[in-house]
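Every number for a ligand or one of its atoms is a count from 1 in the order of the listing.
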Amino acid sequence: MQVLAVLGGQWGDEGKGKVVDLLAERFDIVARYHGGHNAGHTVKFGSRHFALHLLPAGIVRGRPSVIGPGVVVDLDALEAEIEQVAAAGVPVGDQLLLSDRAVVILPYHRLVDAARERAAGAAKIGTTLRGIGPAYESLAARTAIRVADLFRAETLAARVAAVHAETGALLRALGEPGVPEPETVTASLRAAAARLERHVVDTGRFLRDRLRAGATLLAEGAHGAMLDLSAGTYPFVTSSHCTSGAVACGLSIAPRALDASLLVLKAYSTRVGSGPFPTELLDATGEFLRKRGNEYGTSTGRPRRTGWFDAVVARTAVELSGAEAVAITKLDCLDELDEIPISVAYRLDGRTVTDIPPLAEDVARLEPVLETLPGWKTTTTGVTRYEDLPSAARRYVARLEDVVGAPAVLVSTGPRREETVWRGDLPFLQGLPSPR
Ligand code: IMP
């Protein structure tokens, strides 16, 4: 076992940050392979609390941490985050490696993102307004400015001017009055690049060499399978691929280098932004889950929509990433409930449906088929041994394993590192050092 991917199996915010943090000490390198600072990973241990967006969670463990070519990078956000974790006692030194091929998010991308959302009104995606979509568009359109471009003064200015000319017209059409001058943008990019230069390398070459030499790698997913650009609830998705298929392209390593995938699933469901959400609860129970689970965005502070666990979503995500195992998070947030429904299928136009339909308007019409499990009505917060969980909680976990078709290797019973049930070492973790 050399390369493991940890991915989200729902709509993001499953608690990947905690799982990656727990596993990071067992791997030599941690790498982000897609997304940008739209992601939000919370890591808590002792009295310390880190809200990471762009930095791989391995940074907190002092591991070499790679931001791969599949990531879109806002240089100001990256610098702010480096300062923030340094202020919290984790100085970021040479262990941060930024790909020379990563795409730079420009102010124009941020403005286009916001202007489009404004113009869409009720039909908006509910993006994080960080410019993620337009930055990925620029890559596909072959007009992107990548990190390596920042160090070529003669071409950078021309490339920024070209983006300004193109997006300036679009921004004005969308009613955005303040389009920054290309000279100002270029100067700010060059200044940030000079400060970040020590981190910039060919991370693909670094990873391929290290893997050949036997190093282990944890690939840290962002978002979740249902936000995947192709497999998710399109168009209410993010602009990158969020399944294990993205690991190779996003890190410039071979697909066969990936040995296993661990899918992180919250014990219930949440979603931020617009888009269909079949098991959504719009009642007092939904509000209870939001408060109990502190379901407010790490990146944007937005209240998350809440709902019951959706087995079709989770099973599809297991299949899409070929996940060998799952991690169940936030089990303790269900402690107070009398009974806990999970959705095992849907009904649509009088038929039973067991796959996610391709059209968002049909996903919005799905009625969940609920199976109700008994609650345990006792605290599980901080439980660390599986046998110490109440039997109804163990039954709940076992039922989730059943419906998603993969074993739960860990169950999280609180936000802190310590509040975790490890269920022995599954085969895919063998050969790695044990968790401390
Ligand atoms: P974008 O990624 O900012 O373009 O937003 C597209 C959609 O993905 C919106 O519904 C966002 O709320 C959602 N999204 C993006 N990143 C995350 C995340 O890390 N957690 C949850 N939702 C996310």
Side-chain angles (χ1 to χ4, degrees), residues 6-20 32-43 51-57 70-74 77 81 103 105-106 109-120 122-140 220-243 246 250 263-266 268-277 280 290 293-307 310 313 317 329-330 360 363-364:
V6 175
L7 311 103
Q10 293 150 322
W11 282 277
D13 309 314
E14 297 91 352
K16 293 178 292 295
K18 169 172 169 172
V19 176
V20 172
R32 272 282 302 272
Y33 55 92
H34 73 117
H37 64 314
N38 49 347
H41 287 171
T42 308
V43 178
L52 303 174
H53 302 285
L54 204 45
L55 292 173
V71 177
V72 289
V73 181
D74 180 315
E81 199 169 316
V103 171
I105 301 179
L106 301 175
H109 298 143
R110 222 170 27 243
L111 290 167
V112 168
D113 197 355
R116 275 197 193 135
E117 286 284 272
R118 263 198 316 275
K124 69 177 183 181
I125 305 288
T127 74
T128 59
L129 305 176
R130 307 270 153 103
I132 307 294
Y136 276 117
E137 284 172 42
S138 77
L139 178 66
E220 176 183 337
H223 327 305
M226 287 300 115
L227 292 173
D228 181 272
L229 184 56
S230 300
T233 50
Y234 191 90
F236 301 97
V237 293
T238 190
S239 295
S240 64
H241 289 107
C242 308
T243 59
L263 194 78
V264 185
L265 294 169
K266 202 181 293 196
Y268 49 98
S269 303
T270 61
R271 167 162 212 168
V272 260
S274 325
F277 181 6
E280 182 166 19
R290 184 159 33 252
N294 191 25
E295 298 294 355
Y296 300 91
T298 315
S299 283
T300 59
R302 291 182 290 178
R304 295 179 187 140
R305 298 155 68 192
T306 52
D310 186 328
V313 161
T329 61
K330 293 195 152 183
V363 183

Contact between Thr127 and Ile132 at the side-chain level, heavy atoms closer than 4.5 Å - yes or no?
no

Do Lys16 and Leu7 have side chains that approach each other closer than 4.5 Å (heavy atoms only, starting at C-beta)?
no

Should the pair Arg304-Asp13 be classified as a salt bridge under the 4.0 Å nitrogen-to-oxygen rule?
yes

Quick one, list the residues around ligand 1 where some non-hydrogen atom comes in under 4.0 Å, by chain and residue number.
Trp11, Gly12, Asp13, Asn38, Ala39, Gly40, Ile125, Gly126, Thr127, Thr128, His223, Leu227, Val237, Thr238, Val272, Gly273, Arg302

For the CG atom of Asn38 and the CG atom of Leu129, what is their distance to the nearest 0.5 Å?
11.0 Å

According to ring pair (Phe, Tyr, Trp, His ring centres under 6.0 Å), who are the partners of His37, at least two apart in sequence or on a separate chain?
none

Should Asp228 and His223 count as side-chain neighbours, where that means a heavy-atom distance under 4.5 Å?
no

